[in-house]
Structure formats: C-alpha cells, structure tokens
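All ligand and atom numbering here is 1-based and tracks the order in the structure. Treat the numbers as computed from the prediction; the structure is a model and nothing was measured. Just so it is clear, the values below take in all heavy atoms, side chains as well, and ignore hydrogens, waters and symmetry mates. Sequential numbering from 1 along the given sequence is applied to the chain's residues.
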Amino acid sequence: MPALPFPIENRYYRYSTYLRQTFGEKVYRISLDAGFTCPTRDGHIGTGGCLYCNNASFAADRSEKLKPVRDQLVEGIERSIKYRKTKKFLAYFQAYTNTYGSVHKLETLYRSVLDIPDVVGILIGTRPDCVNNDILTLLHDISQHTYVSIEYGVESVYDKTLLWVRRGHNFDRTRRAIEKTKQFGLHVAGHIIFGFLTETRDEILQSAAILNNLELDALKIHHLHVVKQTVLADLFAQSPFPLFTEQEWIELVCDFLERLNPNIVIQRLVGDARPGTLIAPRWAMKKNQILQEIQSELVRRQTHQGFRLVPAI
Ligand code: SF4
C-alpha cells in the first residue's frame, strides 16, 4: 500500500494537515458574501432554492447592506489576528453561487482581494452548471500567481436525489465540470450531503467509489439537517422524517472514510448551522465532540481513510 499523505495517528487527511503541507503554517479561511444569487433562486431554474438550503444558516446575514468583499476580508483578517493569531488567510467566496456572473465582473471581484497582505489564495464555492471555459481560463490565469480552489456543490452522486432536492442539474454535469476544472490545472473540492431519504446506507457507502473516480482533491461531508426557512423545513413540519442520530453518523462517517481515497483531503465531517436557524438534529452543535468520537472510533477499529478502498465504478 502506498504511503499515506497524513500521519496515521490522525486517521484521515485533515484539511489543517494539507494547509500546513501547502503553506508551511496555519491558514485561516475568511468567508465572504459577494452578493451573488443562484439559478435555483433567481428564476433561471427555480425560485425556491435547493430544498435544504438556507444560506443564512452558515453565511453572512443579508438583512444589512453588504460591504465590499475587500472590506469584509480586511475586517475578517483583523478579527482572526486578534483571536486566532493566524498569519495567513484564504479569501473564501462562500455565499450562494460565486461564479454566477460575467467574466469581467468575476475578474474584478476576485482580483480585488489578491493584493491584501497575507492573503495566500482564494476559494470559490459554486455549482457545477455555473462554470464555463472563460471562467476556468480566468481562474487558471489567477492560479499562476496565487492559490485557487473551486468548491463544487456535488450534494449527491445519485440523480434521483438531485431531482428530489430540486438541484437543477444531474450528476453527469458534476462529473464533467470536475473533469474540465482539472484540465485547467485547478484544485477542486466537492461538498456532499448524506441523509436524504432517497438514498440507502449502502448507496451512501457506494458513493465513495464514485467520488474516488472524480479526481477530487478535497471533500466536505455534511449530514442532512433541517434549517429554518427551507422547503425541507416545511416538509419536516408536515411529517417529520428520520435523520441520522449522532451514533449512526459517527459509524457512517467511519465506514465511508475507510472506502474513500486517502489522497482526498477532508475539509469537513459534519454539517454546520447557526444555532438560531437549526431545527434538527441538534447533536451537531457538539461539533468538536463528534469529531473526537469519529477519531476515537477509527482508532478503536484500527483503520483509517482508504483502509477499505474498493475499485472505482
Ligand atoms: S445549495 Fe447552493 S445552489 Fe442551491 S440554493 Fe443554496 S446556495 Fe444556491
């Protein structure tokens, strides 16, 4: 078996390890809201957004006028230096779909943060159906001078789920976007959500092999949670459906990590929601404890990420 890219005592390839390997020290992400919307919100595909999504549950509050991203970033850096003692930063274009605009607008936006001292790169969250060759060429050009990573909302590898959550694209679109992005030499991360009623536990575990086949550099794993002001919240109120318990989630994540390529950096192992927005499940509020329990379970099993790699399908 080839050497693992992470210390075995960590059990999986932590993002903090990758950032230290890449930048030589701790790096902190500063989340930005550039005022974008999404095609599932502005009427191009739909108006209600994806079934589970309420950006206010993790991104900035839009009830007040948004500041320019440069100002958001400078303020975030000042806070981070004060409370975390971090010296390097990544500008994280996180809210909504951050490639949903003209190339000219995007270039002005992305380049507006690059000359801020100690900003070592940009992270761009987007949808697989909202990139094209012009945008990827722009990002490739920027990546010649600084670190660039694109984060795609994969959400699920199953079309039945993507249809149910009103995503507006299928999995083939995701596959093609990731392939194309890798052709431009860019770092690619994916977000995946586990817990939809459309998928069995076996199907969730099988998705590891499908993701292994995508050339993903990094992955964020979220548990399905119900947050306020979403279609999912309405459905949950009408007829509560089962969500993963804490113990089920810990075991599922360990089973999944054992099947995942160990070279894929793990950026997240549990979803996040602001306390005031979360309906269920509540256990994710103890995020650090859950992460510790996942680690302990892998130690108990004497396994690690990639321990049970299965051939790609
Ligand atoms: S999940 Fe992403 S694409 Fe869907 S509504 Fe939310 S921000 Fe927009």
Metal check, atom 6 (Fe) of ligand 1 vs Cys50 N/O/S, cut-off below 2.8 Å: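 No, Cys50 does not qualify, because none of its backbone or side-chain N, O or S atoms lies under 2.8 Å.
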Backbone N/O of Ala233 and side chain of Gln238: donor-acceptor pair under 3.5 Å: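 Side chain of Gln238 to backbone of Ala233: no pair is present.
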Under 3.5 Å donor-acceptor, Asp129 side chain and His169 backbone: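 No; judged by distance alone, with no hydrogens or angles, the pair does not exist.
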Cys38 near atom 4 (Fe) of ligand 1 via N/O/S, less than 2.8 Å: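 Within the cut-off used here (under 2.8 Å), Cys38 places no N, O or S atom near atom 4 (Fe) of ligand 1.
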Aromatic centroids of Phe256 and Phe194 separated by under 6.0 Å: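 Under 6.0 Å, so yes.
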Check: Phe23 ring centre within less than 6.0 Å of Tyr147 ring centre: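 Distance test on ring centres: under 6.0 Å, yes.
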Check ligand 1 against [X] and write out every atom of the ligand that is under 4.0 Å from a heavy-atom position of the residue.
X	value
Arg41	5 (S)
Tyr52	1 (S)
Arg127	3 (S)
Tyr96	7 (S)
Arg167	1 (S), 2 (Fe), 3 (S), 4 (Fe)

From OG1 (Thr200) to OH (Tyr158), nearest 0.5 Å: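 That separation rounds to 7.0 Å.
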Ion pair check, Asp272 and Arg268, cut-off under 4.0 Å: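 Judged by the 4.0 Å cut-off on N to carboxylate O distance, Asp272 and Arg268 do form a salt bridge.
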